[in-house]
Amino acid sequence: MIRIGHNPNTNMLPMFFFLQKDHPLIEAVTAEPTGHNAMLADGRIDMAPISAFSYGEHWKEYAILPNLSVSTKGRVGSILIFSKVPLKDLHGLTVALTDTSATSVNLTKILLHHFNGVVPNYLTMSANLQEMFAKADAALLIGDAAIQAALLHPDCYIYDLGEEWLKYTGCSMTYAVWAFPKKLLTERKQEIQVIYQLLLEAKAKALCHIENVIETCQAMLGGSQDFWRDYFTQFNYGLDHPFVLGLNKYLDLCFEQNLLSSRPVLEFWPKE
């Protein structure tokens, strides 16, 4: 049996909606991205859609499943900075960071430090915009918490990190990759291959039946069908060459900004 990290956010729903969770090889373990990052690192799960940054921390130990990711080229809609002032004016002010993401936290630091030339003070908090704004001048929210906050149309500046990344780099942005420890290949290669095919089939079925996914999102968070159709239009759940280039750009900048201790190399399995 392979213990798989199950991410409950709507942006991951196309990966899990049609996955055979009762398959004899699958044990699903639900957590937010940072939870899966820690669980994979300490062996509590065997495979998960982890933060791209977490792969960068463990690239020597992990392999990536090809053709699976959570990526966009431009707007993402659910990774947002809510700010009382423009980004360029945040120098020396306080930014509250969500405690549920690693990729987005470090993407925020790259966008602020490297591209806007500002260094704020950071604090990490639970994802609640009102509570964050009580202690900080800006707040990073991701996933369903970001969507819910944006739907309330708060009176502040709202920056989409996917748009900001594209503006400064011209690249796509990959937020999560499916990864597993390479050591599992010595004794569980066949099981991993089976799970990989199940994940590819589930993704393909969801993208062909996106209306079913949209109905579930409406039940979870509200919003119109048009809102959710537009939301999912911007996502790419594969990982072809242009998205690999964008992922490498992000990881390289994390290294160059001293957010990672070594420059990651992407290793895929199975090799295609």
[X] to [Y] - nearest heavy-atom pair and separation:
| X | Y | answer |
| --- | --- | --- |
| Q218 | G223 | NE2-O, 3.1 Å |
| L260 | F255 | O-CD1, 3.6 Å |
| S172 | W165 | O-NE1, 2.8 Å |
| F53 | C254 | CD1-SG, 3.8 Å |
| A146 | L80 | O-CD1, 3.8 Å |
| G246 | C171 | CA-CB, 4.0 Å |

[X] atom [atom1], neighbour heavy-atom count above 12 within 6.0 Å:
| X | atom1 | result |
| --- | --- | --- |
| Y157 | OH | no |
| K182 | NZ | yes |
| K60 | NZ | no |
| K84 | NZ | yes |

List in chain and number order the residues that pass salt bridge (Lys or Arg N to Asp or Glu O under 4.0 Å) with [X], two or more places apart in sequence or in another chain; answer none if no residue qualifies.
| X | value |
| --- | --- |
| K167 | E164 |
| D42 | R44 |
| E215 | none |

With a 4.5 Å heavy-atom cut-off, do [X] and [Y] have their side chains touching?
| X | Y | answer |
| --- | --- | --- |
| P154 | I158 | yes |
| K189 | Q193 | no |
| T108 | V105 | no |
| L68 | V177 | no |
| I2 | I26 | no |
| E163 | Y168 | no |
| I147 | F227 | yes |
| C156 | S83 | no |

Quiz: residues 10-25 side-chain donor-acceptor pairs under 3.5 angstrom, not counting sequence neighbours:
unit_1, atom_1, unit_2, atom_2, d
T10, OG1, D144, OD1, 2.6
K21, NZ, F16, O, 2.7
H23, ND1, L25, N, 3.0

Electrostatic pair [X]-[Y], nearest N-O below 4.0 angstrom:
| X | Y | answer |
| --- | --- | --- |
| E61 | K183 | no |
| R263 | E256 | yes |
| R229 | D226 | yes |

If only side-chain N and O atoms count, and only distance matters, is there a donor-acceptor pair under 3.5 Å linking [Y] with [X]?
| X | Y | answer |
| --- | --- | --- |
| T169 | Y250 | no |
| N9 | E32 | yes |
| S54 | S51 | no |
| S69 | S71 | yes |
| T72 | Y175 | yes |

Side chain of [X], backbone of [Y]: donor and acceptor closer than 3.5 Å?
| X | Y | answer |
| --- | --- | --- |
| T103 | A52 | yes |
| S101 | S104 | yes |
| N116 | V118 | no |
| H36 | H6 | yes |
| E191 | R188 | no |

Transitive ILVMFWY side-chain link [X] to [Y], under 4.5 Å:
| X | Y | answer |
| --- | --- | --- |
| V213 | V70 | yes |
| L97 | L112 | yes |
| Y159 | L152 | no |
| L151 | I81 | yes |
| L141 | M220 | no |

With rounding to the nearest 0.5 angstrom, report the [atom1] to [atom2] distance, [X] to [Y].
| X | Y | atom1 | atom2 | answer |
| --- | --- | --- | --- | --- |
| Q225 | I210 | CD | CD1 | 12.0 Å |
| N7 | T30 | CG | OG1 | 9.0 Å |
| I110 | D252 | CD1 | CG | 10.0 Å |
| I195 | D46 | CD1 | CG | 9.5 Å |
| K203 | C208 | NZ | SG | 11.0 Å |
| L266 | F268 | CG | CZ | 5.0 Å |

- Query: Run the side chain to side chain contact (heavy atoms under 4.5 Å, CB included) check on T34 and D99 step by step: do they pass?
  - Reply: CA-CA 7 Å; T34 48; D99 59 2; 5.9 Å; no
- Qualifying residues under side chain to side chain donor-acceptor pair (under 3.5 Å), relative to D230, sequence neighbours excluded: R75
Distance-only donor-acceptor hits, side chain of residues 119-136, under 3.5 Å, sequence neighbours excluded:
unit_1, atom_1, unit_2, atom_2, d
N121, ND2, G92, O, 3.2
Y122, OH, H113, NE2, 2.7
N128, OD1, Q130, N, 3.2
N128, OD1, E131, N, 3.0

- Message: Would you call the rings of F235 and Y237 parallel, tilted or perpendicular, taking 30° and 60° as the class edges?
- Response: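 Judged by the thresholds at 30° and 60°, the geometry between F235 and Y237 is parallel.
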- Message: In terms of relative ring orientation, are Y55 and Y62 parallel, tilted or perpendicular, with 30° and 60° separating the classes?
- Response: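 Tilted: the ring planes of Y55 and Y62 meet at 30° to 60°.
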- Any chance you could lay out the side chain to side chain contact (heavy atoms under 4.5 Å, CB included) test for I64 and W178, step after step, and finish with the verdict? CA-CA 6 Å; I64 299 173; W178 278 86; 5.8 Å; no
- L245 and K249: CA distance, side-chain angles, deciding distance, side chain to side chain contact (heavy atoms under 4.5 Å, CB included) verdict: CA-CA 6 Å; L245 292 177; K249 177 70 173 178; over 6 Å; no
- Query: Is there a side chain to side chain contact (heavy atoms under 4.5 Å, CB included) between M173 and L166 once you walk through the steps?
  - Reply: CA-CA 8 Å; M173 179 63 206; L166 179 64; over 6 Å; no
